[in-house]
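See structure below.
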Amino acid sequence: MPPQCHSIDSPVTTKNTQTPLLQQRLVNAGVSVNDISFRGDDDDDEFGREQKGTIIVEIKTLVWEVQFMVSEHDDNKDENSSPIKTMHVVVTLPMKDKVDETLLRDLIYKHVVVSSNNKNSSLISSIKMAPTSIAEQLTGFTSGCMPPIGHATRMPLLVDSSINAQIMVTNKTAIASIGSGVLGQSLLLPLNDFLRVAAETAELYFVGSVIHKASKPNIIIGTTQHIK
């Protein structure tokens, strides 16, 4: 059976009654329960009124499957192992943007493949979105409610430069809106807390832009957007 969105851990009481697995892990990581909130499909107007003076950075999570060749001169190579290695990388970028695969390939090779004891590896031979079943197994969450942090498996996490850069355009409070682990809801927490937990629970890399083209600005001041 695929992993379930809901936690089997002891629940933690928040503003929104009981929390699923991601919220449990955030609280355990030191995020204040008062800084965690949810936004459902019907909550946009109410949330916008309550959160005036904030920037909402809507973040999406993508899991990529990367294959690369290991050089025959690699001293750490197992004689019986395949020369083709596979790794999985989590990428976060603003919700409305799309990934430029050429940029992503170069950044993964530079920041992850080469720096992860794979200095003798050749260029990446294949990069594609991970199959849904693999992504669900690695993250511990079902597709459609997948957060970028709190995963079942520690993986490299590439944070697009635009996510951090957006908090510099104003002195407003920056809030990250991420997958909550619950279908139909987003989880909101301070962007600084999101980045801190990411650094503690994943192999975090702040990289350049992986964005192909943004359809609309992703900074939302004093309101929210409904993402379909």
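The analysis underlying the following values was restricted to heavy atoms, covering all of them including side chains, and did not include hydrogens, waters or symmetry mates. All residue numbers refer to positions in the sequence shown, counting from 1.
- In terms of heavy-atom proximity, Ile56 sits nearest to Ser177 at CG2-CB, 3.9 Å.
- Annotation: the span from Gln23 atom CD to Ser37 atom OG amounts to 10.0 Å, rounded to 0.5 Å.
- Of all heavy-atom pairs between Pro148 and Leu157, the closest is O-CD2, 3.8 Å.
- We find the OG-CD distance between Ser126 and Glu65 to be 7.0 Å, quoted to the nearest 0.5 Å.
- Going from atom OG1 of Thr61 over to atom CE of Met95 covers 8.0 Å, rounded to the nearest 0.5 Å.
- For the pair Asp160 and Ser209, the tightest heavy-atom approach, listed with the atom from each and the gap, is OD1-CA, 3.2 Å.
- Taking CD1 of Ile124 as the reference point, atom CD of Gln67 lies at 10.5 Å (rounded to 0.5 Å).
- The distance from atom CD1 of Ile163 to atom CG of Leu191, rounded to the nearest 0.5 Å, is 8.0 Å.
- Between Trp64 and Val99, some side-chain heavy-atom pair lies under the 4.5 Å cut-off.
- No donor-acceptor pair closer than 3.5 Å links the side chain of Glu58 to the backbone N or O of Lys96.
- The closest donor-acceptor contact from the side chain of Arg196 to the backbone of Ala29 lies under 3.5 Å.
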Mind running side-chain contact (heavy atoms from CB on, under 4.5 Å) on Val197 and Leu189 for me, showing each step along the way? CA-CA 11 Å; Val197 174; Leu189 77 164; 5.5 Å; no
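- When the side chains of ILVMFWY residues are joined at heavy-atom separations under 4.5 Å, either directly or via intervening members, Leu103 and Leu62 end up in two distinct hydrophobic clusters.
- One finds no salt bridge joining Arg105 and Glu101 here, because no Lys/Arg side-chain nitrogen approaches an Asp/Glu carboxylate oxygen to under 4.0 Å.
- Phe206 CZ to Leu158 CG: the interatomic distance, rounded to the nearest 0.5 Å, is 10.5 Å.
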